Amino acid sequence: MDKRPHLYLVDGSAYIFRAYHRLPPLTNPVGTPVGAVFGYTTMLWKLAEDLHKADGPTHLAVILDKAGRSFRNDIYPEYKANRPPAPEDLVPQFPLIRDATRAFSLPCIEEAGLEADDLIASYARAAAAQGWDVTIVSSDKDLMQLVGPHDSGARIDMLDTMKNVRIFIAEVEEKFGVTPDKVGDVLALMGDAVDNVPGIRGIGPKTATKLIVEHGDLESALAAAPAMKASKLRENLIEQADMARLSRVLVALKEDAPLPLPLDAFKLGEIPPEPLAAFLAEHGFTSLLKRLDAGRGSPERTTQLHPAKTVTVSAAPTSGRTPPAPMPPIDHAAYACVQTVEALEAWIARAQSARVVAFDTETAALDAIGADLVGISLAVGPNEACYIPLGHRGGDMFAQVPQQIDKATALALLKPLLESDAVLKVGQNIKYDINVLARHGVNVAPVDDTMVISFDLDAGGGDDAIWGHGMDELAQRHLGHSCIAFKDVCGTGKKQISFAEVPLDRATAYAAEDADVTWRLHRVLKPRLSDEGATTIYERVDRPLVPVVAAMERAGILVDRERLAGLSQQFAEAIAALEAEIHALAGAPFTIGSPKQLGEILFDQMGLKGGKKGKSGQYSTDQSVLEKLSGEGVAIAGKVLEWRQLAKLRSTYTEALQAAISPVTGRVHTSYSLVGAQTGRLSSTEPNLQNIPIRTEIGRQIRDCFVAAPGNVILAADYSQIELRLAAHMADVPALKDAFAAGADIHAATAQELFGEVTRETRGRAKTINFAILYGISRWGLAPRLGVTPEEAQAMIDTYFARFPGIQRYIHDTLSTVRERGYSQTLFGRKCWFPRINAKNQAERQGSERAAINAPIQGTCADIIKRAMARMMPALEAAGLGHVRMLLQVHDELVFELPETDIEAASAVIRRVMEEAAGPAVAISVPLGVEIGHGISWGAAH
DNA sequence: GCATTCACG
DNA sequence: GACGTACGTGAATGCA
């Protein structure tokens, strides 16, 4: 079976305008400006590389605008009339675009009287009609009208090569709030200043979308105008209806233009290297020329990187995704150690022209906020990597300090590269490197993170053990390579040395390998995002979050050390007193903290009733067991519970938090993991600031130790019952949705439905059952929590399902999808894999089923708050509140620090951003409630 | 290194 | 007749 044809239509004219503004003003050897041409050439090169991918092009054509009038000028003379002339140094580049296209031996189409958009539309429709997939290489919003599936089974999508983003229906909806077939209607209402399409005065994108969503299309919106309440909008809609209709015609694409060349003429074959080489040489594009030459000299490498002579379409496999072509094995001897400014400048130039550079920072410790920068490694291709030592010392006080570039000098040279919009920086857990470099005044952007990409592709995956996303594991899994172990370089335990003391040859092998592996992982993993439908979650949710979370970690939070120390002392005294009491009650001293000893004391020595645990043969002494005993009047049980609470609070919180205060900033900086929870939640470590006590009065005192700087307040904003709201929406449960819409107490409303009356007792039971639903319910799980028999629990579950019928359907549909596909998805498309969903072992299988029921709900909640976080600072800045600091995220809560004078203004922005965070990608049919509080401490903010 | 316990959403 | 139970985390502790 042959691969289905896939036509790429390159919007050449639009591209060079963007490239011109994005790229530096390069000139060729004879002084002609060629910056935009270089960008264009690089793009074609990249597209040619995609030949290897299953969704890469089999056919390709470049479409250009022909100078002069188009048929739209006949309809509306002012069309595009207010365009300023092209910049002086862009004009001579237009003809070079044609040269570049010819150099690749690619067809180039232009037609008088037609704009590129019309030719693209006509070709796209013609190709789709005969069952070809089509990718329009452009980001022009007018062309978004074309995106979507075709009756023939083919699909038309778009590719923005500058942002490296695929645009399909979801992305169009994200931009316009409507499906692609309605984009023309929205454009007609809002008009287009650049093209001088009039639209309707006073209507921008927001109103246009709203009108089309409400009324369905342009004519219906215009027809509905007289019935609207009197307003400027109504007046304009009525008065300028004809302008809107004219605009509708102007923005419509001509989809039936005669095709100057038949589709078959666009078939891609070998790209002859000679004309390309001549063109690259003429314009001084030496980096590309070198790659082309390298390709010609070594055919194996040619096939993986270069659009040279061995590249043929027929070589593409027939179905599925093409595995990335093999890369040469890791060769540590190929790595360079950069010790002079000249060598560094050469590497920076290579990275600039490669446009993608993997990099990694080495530090003296694992603390991004405080550790010293020891070196930086870069990679621009497989085995094309270097290490730049910056802070190495001799191994001991007598050894010589190795030759290194001065740190400040090197960073000043690297800064433009690391901050350049035109160069993508790739890292493995790049949040760490962002934070290290932020301390040196370098703001790394734009970035890709191979760890996060891996997570968005494979969360929860793996056959038995859960797959990790650490570099060593990824290298093993995707590259078949075992990385040099850190402990082989620095040792372990007492003999461990700082990376700063590692000799340069070994440091180079280790550090440059990290960058090389990261570069290779990026090459393998990034294309999978679009192949496997993970682009949206990565590009719209997780990727934008990386710098945001990095900034939160750097901000840290102030804790009151003296107050913590006071609590610690208080707890210690109480613990000592309890210890004496417990030993007296037991009749002998023992280690209270040992569940094993405690179990023997309670159940063997004292002869109390209790059960053994399966595997270890040890008595269970957890809270529920001790509470039961305590309720039966066993004094020692209550004392142990009290002892455990205080011991926990002291060791995990009051002591550990004091130790966590950074000597550099005086604040506590947690580290968030973006890949820590399979559902998409963040997790927090060192210290974990997502489990600070709040549920008991005694624990709550610890929250009071998290304070605002003088003159500031802590502001906490919580989504109220968000998981239950999302469950109501996702399972489409009218009774629950109505209750939320009415602002009711949801547990009370549930109690009313289930038990016919609301008392403290029934509300409590309803709350338990509501949670049980979110977690994947079972009669045996519910029964002990309600203190009823499994049969009684089952009866309540049945009543719940009867009253809220959507729930059972949601559970059933979710499970059958997961069984079939192997993964669940959130409303935003985040996948979570469940490899054990069809396990033979019932316990294992049922465990997976419960997790699979919960994952879309918990994950959607995570997606929503992540979107809020990514939008928060821009929204605050727009309101003149850029100094507000977002400090913490606790799953459904965001914590801020701000001057007390800004409480009101900031609250309004924060509430709006959080409430609207699902849109426009997803419309939730239940309001997302946000509760905001503030005070001098985190405790006081609740 | 593993099991147990318990802090949070 | 089992499974021995709610979902998702991280840290401290005791013990082999």
Side-chain angles (χ1 to χ4, degrees), chain A residues 459-460 466 590-599 611-626 640-641 643-653 655-657 659-660 670-673 675-696 698-700 702-703 718-724 727 768-786 790 793 797 824 832 839-859 861-862 865 888-893:
Chain A
I466 296 282
F590 68 101
T591 309
I592 304 170
S594 165
K596 186 167 180 287
Q597 292 184 33
L598 176 64
K612 284 196 185 201
K613 267 287 185 201
K615 293 205 177 81
S616 57
Q618 195 181 301
Y619 293 112
S620 172
T621 64
D622 69 15
Q623 210 163 40
S624 65
V625 172
L626 295 181
V640 170
L641 280 171
W643 181 92
R644 278 206 183 142
Q645 182 188 23
L646 292 171
K648 176 85 174 182
L649 294 177
R650 188 173 129 89
S651 66
T652 309
Y653 300 104
E655 286 297 304
L657 281 172
T670 184
S671 171
Y672 288 103
S673 170
V675 303
Q678 308 306 326
T679 53
R681 274 191 179 177
L682 304 186
S683 71
S684 160
T685 61
E686 284 185 317
N688 181 354
L689 296 186
Q690 290 182 321
N691 70 346
I692 301 304
I694 191 168
R695 290 173 185 171
T696 66
I698 189 156
R700 208 176 243 264
I702 293 164
R703 260 184 205 229
D718 289 56
Y719 281 113
S720 156
Q721 306 287 3
I722 187 170
E723 291 199 357
L724 216 45
T768 300
I769 298 172
N770 275 331
F771 276 103
I773 295 295
L774 297 178
Y775 297 153
I777 199 162
S778 87
R779 76 189 78 172
W780 299 282
L782 184 59
R785 276 153 219 280
L786 290 177
I797 294 167
S824 68
C832 185
K840 287 245 163 55
N841 181 316
Q842 188 180 212
E844 208 173 11
R845 187 175 66 247
Q846 289 179 339
S848 279
E849 286 173 356
R850 290 194 299 269
I853 290 165
N854 177 253
I857 299 168
Q858 189 181 117
C861 171
I865 197 166
L888 302 177
Q889 188 252 41
V890 193
H891 310 309
D892 62 359
E893 171 185 11

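Letters A, B, ... mirror the listed sequences (proteins, then strands); counts begin at 1. Just so you know, these numbers use all the heavy atoms, side chains as well, and skip hydrogens, waters and symmetry mates. Keep in mind that what you see is a predicted model, and the values were worked out from it rather than measured.
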Could you pull out all residues at least two apart from A:K648 that satisfy salt bridge (Lys or Arg N to Asp or Glu O under 4.0 Å)?
-> none
Which part of the nucleic acid, if any, lies within reach of A:I692 when heavy atoms closer than 4.0 Å are counted: base, sugar-phosphate only, or nothing?
-> sugar-phosphate
Looking across every strand, which nucleic acid part, if any, lies under 4.0 Å from A:I853 by heavy atom: base, sugar-phosphate, or nothing?
-> nothing
Below 4.0 angstrom from OP1 or OP2 of B:dG9, is there any side-chain N or O of A:R681?
-> no
Intra- and inter-strand pairing of DNA chain C, written as dot-bracket with Watson-Crick and G-U pairs under 3.5 Å and | for the latter, reads ......|||||||||.
Take the protein atom CZ of A:R779 and the nucleotide atom P of C:dG4, then report the distance between them rounded to whole Å.
-> 16 Å
Who are the salt bridge (Lys or Arg N to Asp or Glu O under 4.0 Å) partners of A:E844, not counting sequence neighbours?
-> A:R836
Which residue pairs satisfy the salt bridge (Lys or Arg N to Asp or Glu O under 4.0 Å) criterion with at least one member in residues 678-694 of chain A, sequence neighbours excluded?
-> A:R681-A:E723
Ignoring backbone atoms, establish whether A:R850 has a side-chain N or O less than 4.0 Å from OP1 or OP2 of C:dT5.
-> no
Using a heavy-atom cut-off of under 4.0 Å over every strand shown, decide if A:A851 touches base, sugar-phosphate, or nothing.
-> sugar-phosphate
Looking at residues at least two apart in the chain, or sitting in another chain, which of them share a side chain to side chain contact (heavy atoms under 4.5 Å, CB included) with A:S594?
-> A:T591, A:K596, A:Q597
How is A:Q678 classified with respect to the nucleic acid when contacts are heavy atoms under 4.0 Å: base, sugar-phosphate, or nothing?
-> sugar-phosphate
Can you name the side chain to side chain contact (heavy atoms under 4.5 Å, CB included) partners of A:A660, sequence neighbours left out?
-> A:V668, A:P687
Sorted by chain and number, sequence neighbours left out, salt bridge (Lys or Arg N to Asp or Glu O under 4.0 Å) with A:E655 holds for A:R650
Touch class at under 4.0 angstrom, heavy-atom based, for A:R695 against every strand present | base
What do the steps show when you test A:N770 against A:Q721 for side-chain contact (heavy atoms from CB on, under 4.5 Å), and what is the final call?
-> CA-CA 11 Å; A:N770 275 331; A:Q721 306 287 3; over 6 Å; no
Non-neighbouring partners of A:A852 that pass side chain to side chain contact (heavy atoms under 4.5 Å, CB included), sequence neighbours left out = A:L815, A:V818, A:F834, A:I837
Using only heavy-atom distances, determine whether the side chains of A:Q645 and A:T696 contain a donor-acceptor pair under 3.5 Å.
-> yes
Picking from B:dC6, C:dT9, C:dA6, which would you name as closest to the side chain of A:R785?
-> C:dA6
Name the closest nucleotide to the A:S620 side chain, picking from B:dT5, B:dG9, C:dC7.
-> B:dT5
Scan nucleotides 10-16 of chain C nucleotide by nucleotide, 5' to 3', and note B when protein non-hydrogen atoms come under 4.0 Å of the base, S if they reach only the sugar-phosphate, - if neither.
-> BBSSSS-
Below 4.0 angstrom from OP1 or OP2 of B:dA7, is there any side-chain N or O of A:Q623?
-> yes
